[in-house]
Structure formats: C-alpha cells, structure tokens
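The structure under discussion appears below in the form of structure tokens.
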Amino acid sequence: APVVELRKVSQLAEAIKVMSIRGSGAIGIAGVYGMLLEAMNTRGDRGAVIQSGLELKATRPTAVNLMKTVDGLIAFVKNCPDSGFMELFEDRACDILEEQLAFERQLGKNGAELIEDGDTILTHCHSGALAGSGFGGRALSVIRTAFLQGKKIHVFTCETRPYLQGARITAYELEKFGIPHTLITDDMSGYLMKLGRIQKVVVGSDRVAANGDLINKIGTYMHAVAAKENGVPFYTATSSHTIDFTLQHGMDLEVEFRPGSEVTHLNGQLITSENTEALYPAFDVTPNEMISGIITEAGVIRAPYIENLAKLKR
Ligand code: RUB
C-alpha cells in the first residue's frame, strides 16, 4: 500500500478530501491526530489547534465521527489547564483511539453472535480498519470475529463503484485475514440473494440518525431493498460514536456529492465520451425499517430504534 507522509494539517486535510484516508472511523481518528500534529508543530498554540480542528472538520461532511471527535477535542483544548497541556492533550488523543479500538473489538464480538456456521455475508464498501486494530474496521470486525470463532463463512465484497473501496481495500484485507471471499459488482447482490447465496448483509456506517436511519456508502440502500425483498437480514456495524442524536431522520442530512469526474474516470482514464455528465452522491440513506439490527459495542440494538438507541446517549 502507498505510504503518504503528512507533516502539516493542511496535508492531512487534503489527504482526507482526496480519500487517501477514508472511512468514518479512520477519518475520525485522523482528526484527533491532526490536531495533535498541529499542537506539536506550534508548540501548543491553542488557537492554532482549534483552527486546525475546524479545517479538518470541513474536509468531508457526512461521517459524524470526525465532527464529534474534533468538537470534543476543541472543548478539551479550551478547558485544559496551561501546565502540562501538551502531555494532557497527547494522553487524551491516545485515550480516544484506545476507546474506539475497544469498541471495535466489542461490537465485533456482539455482531459475531448473529453469524451462523455456513453463512455467506454480503458487505459493501470498506468498513475500514483503524490503524493497528488488527480487526479491519467495524463490519470486518464482526466478520473476522465470527471467522476466528471457527465459523465457516464466505464473504461477498462489492466493488463499490465509482471509488472501488470494496475491490481495492476490503478484498485485500479479507485476503490478509485468510477469510474466503468473492468480489462482485454492485449490481449483483439482488440476484445472488434470489439464488439463496447470501444469508446476511453486514455493512459499516458513516452516521446513524436518532431514529435508526443509516447513512452509508452509496449503494447500501439498494442492497437493503434487495435484502428486504428476499428476507435476508440486514445489519449495520457501528458504535455509539456514530449515532447522531441531533439528526432525527436520515433524509434530513445533506450528504456529500463528489465530482462527477470520479465517475467518468477509472484509474485516471476517461471511460466515457468527453461530454458525458456524471453525478456522484457519495452516500445514501437506508430507512430504519429495513434494518434488522444495529450492532454496537453495547449490544445489538433492535427496533423500536428511537427508544433503544436513546439508551446509548452519553
Ligand atoms: C466509506 C463508507 C464506509 C463507512 C464505514 O466511505 O461509507 O462504509 O465509512 O465506516 P468513504 P467504518 O470511502 O467515502 O469514506 O470504516 O468506520 O466502519
């Protein structure tokens, strides 16, 4: 995998924008370490650190982890005593990472209970590895935990046009973990469900609304529709960090639209005529009634979601 060296917050912000760093958990943690980087570069200039948090927050608007972790750290910076600021800030950043890794492992265990021996699981995009977690992100944490429990499972990973995260990253990680898998294109899931070849869907999440609506990578909704039609349970693997209690309904969120050129080009090559216009909503909304359960560190949350998710509020 290519290594990107980032020494300034502006470089980190650019890396998030162009998706060198991507996935809700990973960009949340990048926000934390970006602010720490700024603190180190400026020898603890609080104004600059707060400003760097705002710059990072503006990079990608849909995933809520980045917003929440940066807002939490801005409040921490404002209230932190002067003496030992750098040390306290570093400890806080490490605590956030440790907590998220612990959540990732725990939700993996909770979700693995839903997976049965012999299941083929569909996943979409890349529910992305937090550095060093060894588990491979939240959907993959569920899948890998089930695999490590000795369950014989198979994974269908969707290629996830136009950015190909599922093909490029999920397939790579599944191979690294030794989990049997097959790459499919995004339009194949419905038919494969009809053939009885998919028993569960497990995807990650960029944001979960207070009512349980799921905002995740474009194409997720399409899989959920097919899953409902075919009686296949559909789960999202997430954590309490990713629930946005200020968002009542998923459709109230304005999701990120990325440049159409990311659709008309593949690996830098134009694949359409020069005049073709393309649209790229990067995320979609899956209504709560299509979700069989929301897998979190606190257990698998079931409907009614408004009441049951509210118990995770902190
Ligand atoms: C990634 C995406 C992933 C979720 C999963 O989108 O939608 O499914 O972020 O989150 P992008 P996590 O590649 O545009 O960032 O990795 O936290 O489980």
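Numbering of ligands and ligand atoms starts at 1, following listing order.
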*Short question: side chain of T62, backbone of E256 - any donor-acceptor pair under 3.5 Å?*
yes
*Please could you name the atoms of ligand 1 that Q165 approaches to less than 4.0 Å, counting only its heavy atoms?*
11 (P), 13 (O), 14 (O)
*Side-chain ion pair, D119 and K200, N-O less than 4.0 Å*: yes
*Polar side-chain atom of T276 near backbone of T272 as donor-acceptor pair, under 3.5 Å*: no
_With a 4.5 Å cut-off on side-chain heavy atoms, are H154 and I179 touching?_
no
*Can you pull the side chain to side chain donor-acceptor pair (under 3.5 Å) pairs that have at least one residue in residues 278-303, sequence neighbours excluded?*
S240-E297
*asked:* Tell me whether A26 has any N or O atom under 3.5 angstrom from an N or O of ligand 1.
replied: no
*Examine R22 against ligand 1 and note whether any of their N/O atoms are separated by less than 3.5 Å.*
yes
*Pull out every atom of ligand 1 sitting under 4.0 Å from any heavy atom of F283, numbered as shown with elements.*
6 (O), 7 (O), 14 (O)
*Can you sort out which atoms of ligand 1 are near G25, meaning under 4.0 Å from one of its heavy atoms?*
12 (P), 17 (O)
Extract all donor-acceptor atom pairs below 3.5 Å that involve side chains of residues 71-89 and protein atoms in other chains or at least two apart in sequence.
residue, atom, partner, partner atom, Å
D71, OD1, K57, NZ, 2.7
N79, ND2, A75, O, 3.0
D82, OD1, R46, NH2, 2.8

*Go through the side-chain N and O atoms of H223 and S189 and say whether any donor and acceptor fall under 3.5 Å apart.*
yes
*With backbone taken as N, CA, C and O and side chain as the heavy atoms from C-beta onward, which portion of H126 lies under 4.0 Å from ligand 1: side chain, backbone, both, or neither?*
backbone
*Nearest heavy atom to atom 18 (O) of ligand 1: which of A237, G204, S127 does it belong to?*
S127
_Any E256 heavy atom less than 4.0 Å to ligand 1_ = no
*C125 contact mode with ligand 1 (heavy-atom cut-off under 4.0 Å)*: side chain
*Check ligand 1 against S205 and write out every atom of the ligand that is under 4.0 Å from a heavy-atom position of the residue.*
5 (C), 10 (O)
